[in-house]
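Take a look at the structure below.
What you see is a predicted model; the values in this text were computed from it and never measured. As the structure lists them, so they are numbered: ligands from 1, and atoms in each ligand from 1.
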Amino acid sequence: MKYQSTRGHEMPQSFSEILLGGLAPDGGLFMPARYPQVTADELESWRALSYADLAFEVLSRFCDDIPAEDLRALTRKTYTPAVYCNARTGDNTADITPLRKLGEEGGAPLYLLGLSNGPTLAFKDMAMQLLGNLFEYALAREGQELNILGATSGDTGSAAEYAMRGKRGIRVFMLSPHLKMSAFQTAQMFSLQDPNIFNLAVEGVFDDCQDIVKAVSSDLEFKARQKIGTVNSINWARVVAQVVYYFKGWLLATDPANGGAGRGGRVSFCVPSGNFGNVCAGHIARMMGLPIDKLVVATNENDVLDEFFRTGVYRVRKSAETYHTSSPSMDISKASNFERFIFDLLAHDAGKLAQLFRDVDAKGGFDLRGTPEFDRIREFGFVSGRSTHSDRIATIRDLSSRYGVTIDTHTADGVKVAREYLEPGTPMVVLETALPAKFADTIREALGHEPERPASFEGIESLPQRFEVVHADVQQIKDFIVRHTGL
Ligand SMILES: *Cc1c(COP(=O)(O)O)cnc(C)c1O
């Protein structure tokens with residue numbers, strides 16, 4: 001399997017070569033030259049597999065330069081009930097991604113696919129835990145080390161730290177805005193005592209943190225000498241690891257043992273979206289031949305993607321027009337993985353794609369209204385909708401009273417929009433992207449009581465914290481890195 005850039009750079013690379021990198025040399029994103037196809041017979045033969053072995057089957061089709069026995073060992077080490085279920089229930093035998101039926105609405109079975117049972121209670125653990133093990137494996141093979149530099153407003157940073165803690169050859173330098181994260185998020189990150197994890201609380205806002213990461217990364221000499229890498233959402237390995245749970249969700253929702261349609265049954269997925277990484281994985285699963293009917297993109301008030309899928313107009317917003325909402329992990333106005341879908345929509349015409357994204361930089365967007373490409377969007381199964389704070393509150397209340405289930409604010413955006421696309425007889429699977437414990441303020445507002453908190457998180461706010469407060473100053477942060485890498 002060779003990878004190419006969405007902007008046309010001619011230098012095919014292998015999975016291992018792009019694993020530790022970010023953007024392609026021409027500024028594009030890496031994509032496989034073609035999508036491996038999965039037949040209906042193969043799908044049926046996967047029904048009995050554990051999540052770890054299903055992950056092996058899917059991933060092995062994308063990374064054929066990792067020996068099969070090594071890849072299988074990596075997926076088995078990553079996808080264990082101890083890592084993915086302890087946080088919530090302490091049940092070491094439970095499914096990695098349990099499918100929970102809410103009920104029948106308008107003749108459609110409505111499900112939640114639980115992706116938030118990992119160490120940081122959000123779906124990012126699904127891919128990040130694998131990434132930690134893949135990095136450690138690849139670095140050991142090459143006798144290398146890696147210093148991950150990142151900026152976080154909460155979820156990504158903690159998922160990365162919990163995935164990389166204690167890993168040989170890896171250090172994490174994570175910038176977060178000082179005193180701007182929730183007490184729970186702060187405690188989750190800052191209570192880690194592992195010597196390879198460095199929390200830097202920057203006196204500023206999230207954008208300042210992001211700007212510092214960009215400034216450090218654009219100093220190529222520093223970046224090479226300090227072996228700086230990233231784990232941001234354009235990382236191909238993260239996207240491909242997320243493909244696996246679409247297969248799992250389909251297998252569970254069509255399982256004849258639970259009244260599902262069995263072979264060939266079609267299933268729709270609704271995905272609370274920000275950077276378009278999660279739903280891009282669903283698109284890839286569909287391109288591999290998984291019988292997905294609709295891919296429903298759910299946004300919050302930051303509705304750039306909803307606008308595009310409804311109208312064909314892609315118009316990115318400035319930071320000042322990006323709202324701070326009660327589903328904060330979706331407060332994004334420039335979805336970094338969106339280019340991957342556009343590449344397929346344009347039938348891999350890299351020249352045309354490069355022009356469109358030059359228009360994004362120069363004019364703030366592009367317009368596909370009235371073009372043949374716009375007509376093709378529906379062929380890819382995409383539809384969309386948006387949800388607001390009052391929708392979230394109403395949906396959280398409704399699911400609590402109707403089904404006795406408490407969902408988080410992002411998942412609530414998903415359920416709200418999924419209900420606009422139900423079709424009799426077609427299961428609708430909403431991806432649960434976080435647990436309500438992470439967003440206690442909004443749960444209190446909706447339900448008048450605290451969300452349930454997994455036992456292992458009781459009292460984390462009072463654990464000792466390890467972090468350093470720094471100025472929003474590039475040189476100061478470079479000095480900190482040099483002091484701690486010794487490079
Ligand atoms: C990151 C995140 C999202 C958005 O996922 P994308 O892959 O960026 O589209 C949605 N919900 C939660 C809870 C998240 O952490």
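Remark: minimum distance from atom 15 (O) of ligand 1 to any protein heavy atom is reached at Lys124 NZ, 2.5 Å. When hydrogens are left out, the protein atom nearest atom 7 (O) of ligand 1 is Asn278 N, 2.9 Å; that is the closest non-hydrogen contact. Ranking the protein heavy atoms by distance from atom 6 (P) of ligand 1 puts Asn275 N, 3.5 Å first. Nearest non-hydrogen protein atom to atom 9 (O) of ligand 1 is Gly274 N, 2.7 Å. Atom 5 (O) of ligand 1 has its closest protein heavy atom at Phe123 CZ, 3.5 Å.
The shortest separation from a heavy atom of Pro272 to ligand 1 is under 4.0 Å, placing the residue in contact.
Annotation: cation-pi pair Arg466/Phe198 present, NZ/CZ under 6.0 Å from the ring centroid and within 45° of its normal. At least one cation-pi condition fails for Arg376 and Phe380: the charged atom is not both under 6.0 angstrom from the six-membered ring centre and inside a 45 degree cone around its axis.
For a threshold of 3.5 Å applied to N or O pairs, the pair formed by Gly277 and ligand 1 contains at least one separation below that value. Residue His410 has no N or O atom closer than 3.5 Å to an N or O atom of ligand 1.
For the residue pair Asp344/Tyr35, the side-chain donor-acceptor check at 3.5 Å is satisfied. Side chains of Asp306 and Thr299: no donor on one and acceptor on the other come within 3.5 Å.
Not less than 6.0 angstrom separates the ring centroid of Tyr51 from the ring centroid of Tyr84. In this structure, Phe184 has its ring center under 6.0 Å from that of Phe457.
By the 30° and 60° cut-offs, the orientation of the rings of Phe338 relative to Phe366 is parallel. The aromatic rings of Phe15 and Tyr3 sit tilted, their planes meeting at an angle between 30° and 60°.
Proximity to Met330 (heavy-atom distance under 4.0 Å) selects the following atoms of ligand 1: 10 (C). Near Ala434, with a cut-off below 4.0 Å to any heavy atom, the atoms of ligand 1 are 13 (C).
Counting heavy atoms closer than 4.0 Å to ligand 1, residue Thr433 contributes atoms from both its backbone and its side chain. The proximity of Phe276 to ligand 1, defined as any non-hydrogen pair under 4.0 Å, is limited to the backbone.
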